[in-house]
Asks: 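The structure follows.
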Protein chains: 2
Amino acid sequence: MTAPVNGAARGRAPEGYDKYAFEPFAVTVDLAVLTLRAGALHVLLVERGHEPYAGRWALPGGFVLPHESAEEAARRELAEETGLSDVSGLRLEQLRTYSQPDRDPRMRVVSVAFAALLPDAPEPHGGGDAAQAQWLRYNALGPLAFDHDRILADAHDRIGAKLEYSCIATAFCPPEFTLGELRQVYETVWGTALDPPNFRRKVLATPGFVEPVPGAARLTGGRGKPAALYRAGTADTLHPPLLRPSTSVSPASPPSSPSPTTSASTPSPEGRPA
Amino acid sequence: MTAPVNGAARGRAPEGYDKYAFEPFAVTVDLAVLTLRAGALHVLLVERGHEPYAGRWALPGGFVLPHESAEEAARRELAEETGLSDVSGLRLEQLRTYSQPDRDPRMRVVSVAFAALLPDAPEPHGGGDAAQAQWLRYNALGPLAFDHDRILADAHDRIGAKLEYSCIATAFCPPEFTLGELRQVYETVWGTALDPPNFRRKVLATPGFVEPVPGAARLTGGRGKPAALYRAGTADTLHPPLLRPSTSVSPASPPSSPSPTTSASTPSPEGRPA
DNA sequence: TGACTATTGGTCATGTTGACTATAAAGAGT
DNA sequence: ACTCTTTATAGTCAACATGACCAATAGTCA
């Protein structure tokens, strides 16, 4: 609730809040910025320079400023960390909020986590921040700082689930892409191989998922037969969904996240929804 | 991020946090507690006694205490507001975090919203809190306090989506229930009628969704042929999903939530799938 | 008794998916 | 130039899931 009807009497009472006390927390955002590079899932990480977890990799992020929402803070941090110019059009999905009291040994920090999907992978030029940001392969990550292993695993779960029933896969692709590239998004995130003809049939049968580029343009870059180019459509949901094959365990192993630091929540499918 | 690498220099620096400043926010939880009563979706609401929004209905909730996570705070508030004894086994799902700077006119409050599903509807006996809590029909709600209209609408969206690909529908049901009661959960939340034979076929074909009560027990309460009793199974995902009929608009109108107070997030399908 | 209601069992047509075969069009290697 | 490899694309076919039904059963209600 927003109104402090309950008298949880601690801390100072701020101005205009005479009868009700509260405990001030620091509120931050954490970003799981994902992209596909050379057919592998990559994550944007920064190397920590201070204790705790000095030298460890961590998700980029920062404090929510007094005048901005968590979404605005996430977008600002995304621009700062990646050095991108037009983060305005990027899809930013709120994952969940991590609030374990001991997740930061220094003080009480509540963090709102977001996931962002980038089409290509421009090398991040540290936009003024301390440690340099860098793309690292999702599969080859040591333990991250804080509870960032779990945040990243949650992000991966959520994105994998949303691929099933939404059209966000195009967010990983450049403005014009082939169906093979789109299929590779699914294959990389899910860690499974998909049948190209069946995938094609499904995508083209879903109105608004993709639309062909008018000029009969074809990409003749790599090996094999040149593929037709498509653009992202206007639809954002996938009815019926494109379910991942149930008979396989994902070979793309998530980073080590042994301790469930937060409780009482289902991972995602939600994605299936959710 | 958890570590304040960026120097967002504002506010006081707390002890042990010398080099980095932060802005203290109040962190609360808001609960969208849903139940089915007489075939209609009901929400647990409290009447506000103070300004702002005095006299308006609001979602129950309260501050996160220094030693607890948001999930623990939500569970504690749930017990306090409903007067239930065993909230430990209840499913509590984190929805998202609402952080618009102006969502509370008094001060900066960031709120983590949760949804909870209750089987039956015990009349809440205000567990010590000020305004009395009460069940109100979801369809017959005036505008709520703060951004609670939107939180509630998000909760409804999320639950409706999760019904498609998860087994949470049983969370609305008592320990033993008939397939007709389970079907009514879907029909009430989705606002659509479902074909009883087809629903039955789908549910029984999904391993682990429900399991029959051994003693061939049957419920012979109301009208019609007595129905077999089932218990919730062990599965929590629904493969393949139970998609809601796409060719109908939900007649169950959500409460008025005209202004999108938060930005940059997709509602749910997460729903389906999330 | 008869009307009514809800559960349960079943069929049938349709739509979707998974597995698979085949052809086309490019580059790489010899 | 020729072959091999790679990828895209077209198409088929069976298994499966779904939506729309029909019918029988077993209770309550008047």
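Since this is a predicted model, take the numbers as computed values, not measurements. Here is the naming used below: chain letters follow the sequence lines, and residue numbers restart at 1 for every chain.
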Asks: For Pro196(A) and Gly224(A), take the nucleotide of DNA chain D holding the closest heavy atom to each; which residue's nucleotide lies nearer the 5' end?
Replies: Gly224(A)
Asks: Rounding to an integer number of Å, can you tell me how far Leu204(A) CG sits from dT16(C) P?
Replies: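 Taking CG of Leu204(A) and P of dT16(C), I get 14 Å after rounding.
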Asks: Do the side-chain N and O atoms of Glu71(B) and Gln94(B) include a donor-acceptor pair separated by under 3.5 angstrom?
Replies: yes
Asks: I need the CD-P distance between Glu164(A) and dT17(C), as an integer number of Å.
Replies: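 Answer to the nearest Å: 12 Å.
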Asks: Taking atom C1' of dA6(C) as reference, at what distance in whole Å does atom CD of Gln184(B) sit?
Replies: 12 Å
Asks: For Pro226(A), answer base if it contacts any base atom (sugar-phosphate contacts may also be present), sugar-phosphate if it contacts only those atoms, and nothing otherwise; contact means non-hydrogen atoms under 4.0 Å.
Replies: sugar-phosphate
Asks: On DNA chain C, does the nearest nucleotide to Asn198(A) precede the nearest nucleotide to Arg223(A) from the 5' side, or the other way round? Give the residue.
Replies: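 Result: Asn198(A).
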Asks: Can you check whether Lys202(B) has a side-chain N or O nearer than 4.0 Å to OP1 or OP2 of dT18(D)?
Replies: yes
Asks: Starting at atom CG of Asp195(B), determine the distance to atom P of dT8(C), rounded to an integer number of angstrom.
Replies: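 Distance check: Asp195(B) CG to dT8(C) P gives 14 Å.
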Asks: Assign each of Lys225(A) and Thr178(B) to its nearest nucleotide of DNA chain C by heavy atoms, then name whichever residue's nucleotide is nearer the 5' end.
Replies: Thr178(B)
Asks: Hey, is the side chain of Arg201(A) pairing donor to acceptor with the base of dG18(C) inside 3.5 Å?
Replies: yes
Asks: Please give, in whole Å, the distance from dG11(D) P to Phe199(A) CZ?
Replies: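 Checked: the CZ to P distance equals 20 Å.
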Asks: From C-beta outward on Arg183(A), which listed nucleotide comes closest to its side chain: dA8(D), dC21(D), dT18(D)?
Replies: dA8(D)
Asks: Paired with dA19(C) by Watson-Crick or G-U wobble geometry, both distances under 3.5 Å: which nucleotide is it?
Replies: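 Base partner found: dT12(D).
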Asks: Tell me whether the NZ or CZ atom of Arg201(A) lies within the 45° cone about the ring axis of Phe199(A) and under 6.0 Å from its centre.
Replies: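 No, Arg201(A) does not lie over the aromatic ring of Phe199(A).
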Asks: Tell me the interatomic distance from Leu182(B), atom CG, to dT8(C), atom P, rounded to whole angstroms.
Replies: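 In whole Å, dT8(C) P and Leu182(B) CG are 12 Å from each other.
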Asks: Measure CG/Leu242(A) against C1'/dG18(C) and give the value in whole Å, please.
Replies: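 For the pair Leu242(A) CG and dG18(C) C1', the rounded distance is 13 Å.
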Asks: If you define the side chain from C-beta out and look only at heavy atoms, does anything of Val33(B) sit under 4.5 Å from Val43(B)?
Replies: no
Asks: Without decimals, in angstroms, what is the distance between Leu243(B) CG and dC16(D) P?
Replies: 19 Å
Asks: Taking atom CZ of Arg137(B) as the centre, does the number of heavy atoms from other residues, nucleotides or ligands within less than 6.0 Å exceed 12?
Replies: no
Asks: Using the six-membered ring wherever Trp is involved, compare the ring planes of Tyr186(A) and Phe209(A) and label them parallel, tilted or perpendicular (cut-offs 30° and 60°).
Replies: perpendicular
